[in-house]
Asks: 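First, the structure itself, so that you have it in front of you.
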Amino acid sequence: MSLIKPKPSTISEYIKAAPQDSQKKLREMYTCIKKSAPGAIESLKWGMPAFSYKRILITFAAFQHHIGLYPTPSAVKAFAKDLKKFHTAKGSIQFPLDKPLPLSLIKKITVFRVKESIQEDAKWKTVLK
């Protein structure tokens, strides 16, 4: 019997392999993002759950004391006022495990990334013509 756990290959496997105390929040995060980015491709990028269209929209991950959300620096900057009570870095947000997830804010950030992705695609199509 092997003591080495296989690496998750799906978001569902990632959530099941996460520590028990973070699984509920990971499922909430997953459901919120999935509903906010319909049609996005689900995968694991850098070992984290990710949603993409032609490029990565958003990723998230479980840590010992928080759930990390990685929506790109532009999204963190755009929602800086709403994110004041959370620890942020250039392209990341930390949501503590001991507090409820701000699902309405996560939805807004995800929708922002979807719109931003669509605008980026339109810009590249114009440049390539």
Side-chain angles (χ1 to χ4, degrees):
M1 181 160 117
S2 175
L3 296 176
I4 298 172
K5 292 182 182 179
K7 286 186 176 185
S9 60
T10 66
I11 293 176
S12 203
E13 288 176 6
Y14 177 92
I15 293 171
K16 287 178 187 172
Q20 192 68 33
D21 60 340
S22 63
Q23 288 182 17
K24 181 178 184 271
K25 288 198 183 328
L26 288 169
R27 282 191 298 274
E28 290 173 350
M29 178 85 70
Y30 168 75
T31 300
C32 180
I33 294 170
K34 184 176 176 87
K35 287 180 180 178
S36 304
I41 297 166
E42 299 178 24
S43 63
L44 295 178
K45 302 287 187 189
W46 308 287
M48 298 184 289
F51 287 81
S52 309
Y53 283 127
K54 292 184 180 178
R55 61 186 50 85
I56 297 170
L57 298 173
I58 201 161
T59 62
F60 62 95
F63 293 91
Q64 188 172 359
H65 300 290
H66 70 276
I67 302 293
L69 182 68
Y70 306 92
T72 71
S74 60
V76 173
K77 186 177 178 181
F79 290 90
K81 185 176 173 184
D82 298 314
L83 294 168
K84 284 188 188 231
K85 61 183 171 182
F86 302 103
H87 180 52
T88 62
K90 185 176 179 182
S92 65
I93 307 159
Q94 293 181 5
F95 298 115
L97 285 177
D98 62 350
K99 303 234 186 316
L101 287 174
L103 295 173
S104 62
L105 178 57
I106 293 166
K107 177 182 178 177
K108 289 177 188 175
I109 292 169
T110 304
V111 169
F112 172 87
R113 283 295 296 134
V114 169
K115 289 178 181 175
E116 189 174 54
S117 176
I118 291 167
Q119 290 170 348
E120 288 172 359
D121 283 348
K123 181 174 72 176
W124 279 109
K125 285 177 184 173
T126 304
V127 170
L128 295 174
K129 284 186 178 180

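Note: hydrogens, waters and symmetry copies are ignored here, and every other heavy atom, side chains too, is used. By convention here, the first residue in the shown sequence is residue 1.
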Asks: Are any side-chain N or O atoms of Arg113 and backbone N or O atoms of Ile56, one a donor and one an acceptor, separated by less than 3.5 Å?
Replies: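 Answer holds: yes.
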Asks: Should Ile118 and Leu57 be regarded as members of a common hydrophobic cluster, given that ILVMFWY residues are connected when their side-chain heavy atoms come within less than 4.5 Å of each other, either directly or indirectly?
Replies: yes
Asks: With rounding to the nearest 0.5 Å, note down the distance linking CG in Asp21 to NE2 in His65.
Replies: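 Separation between the atoms: 9.5 Å.
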Asks: Considering only heavy atoms from C-beta outward, does the side chain of Tyr14 approach that of Leu26 to under 4.5 Å?
Replies: yes
Asks: Calculate, to the nearest 0.5 Å, the distance between atoms OG and CZ belonging to Ser117 and Arg55 respectively.
Replies: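 Nearest 0.5 Å value for the OG-CZ distance: 5.0 Å.
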Asks: Test of understanding: with ring-ring contact (aromatic ring centres under 6.0 Å, His included), list the residues that count as partners of Phe79, not counting sequence neighbours.
Replies: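 Result, ring-ring contact (aromatic ring centres under 6.0 Å, His included) vs Phe79: Phe112.
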Asks: Roughly how far apart are Ile106 CD1 and Ile58 CD1, rounded to 0.5 Å?
Replies: 8.0 Å
Asks: Of all the heavy-atom pairs spanning Glu13 and Ser9, show the shortest one and how long it is.
Replies: OE1-N, 2.7 Å
Asks: Measure the CD-OG distance between Gln64 and Ser22 for me, rounded to the nearest 0.5 Å.
Replies: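 Between atom CD of Gln64 and atom OG of Ser22 there are 10.5 Å.
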Asks: Over all heavy atoms of both residues, which pair between Val111 and Ser36 is shortest? Give the atoms and the distance, please.
Replies: CG2-O, 3.9 Å
Asks: Nearest heavy-atom pair of Glu116 and Ser74: which atoms, and what distance?
Replies: OE2-OG, 2.7 Å
Asks: Indicate whether the side chain of Ser12 and that of Thr10 have a donor and an acceptor atom separated by less than 3.5 Å.
Replies: no
Asks: Per the side chain to side chain contact (heavy atoms under 4.5 Å, CB included) rule, which among Glu28, Arg27, Met29, Gln23 passes with Lys25?
Replies: Glu28
Asks: Side-chain polar contacts of residues 81-104 - donor-acceptor pairs under 3.5 angstrom, sequence neighbours left out - could you list them?
Replies:
none

Asks: Using the rule that Ile, Leu, Val, Met, Phe, Trp and Tyr join whenever any side-chain heavy atoms are under 4.5 Å apart, tell me whether Tyr70 and Phe51 fall into a single cluster.
Replies: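 Cluster IDs for Tyr70 and Phe51 differ.
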Asks: Show which side-chain atoms of residues 40-49 pair as donor or acceptor with protein atoms under 3.5 Å away, not counting sequence neighbours.
Replies:
from: Glu42; atom 1: OE1; to: Tyr30; atom 2: OH; distance (Å): 2.9
from: Glu42; atom 1: OE2; to: Tyr30; atom 2: OH; distance (Å): 3.2
from: Glu42; atom 1: OE2; to: Lys34; atom 2: NZ; distance (Å): 2.7

Asks: Can you see which heavy atom on Thr110 is nearest to which on Ala37, and at what distance?
Replies: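 Nearest heavy atoms, Thr110 then Ala37: CG2-CB, 3.9 Å.
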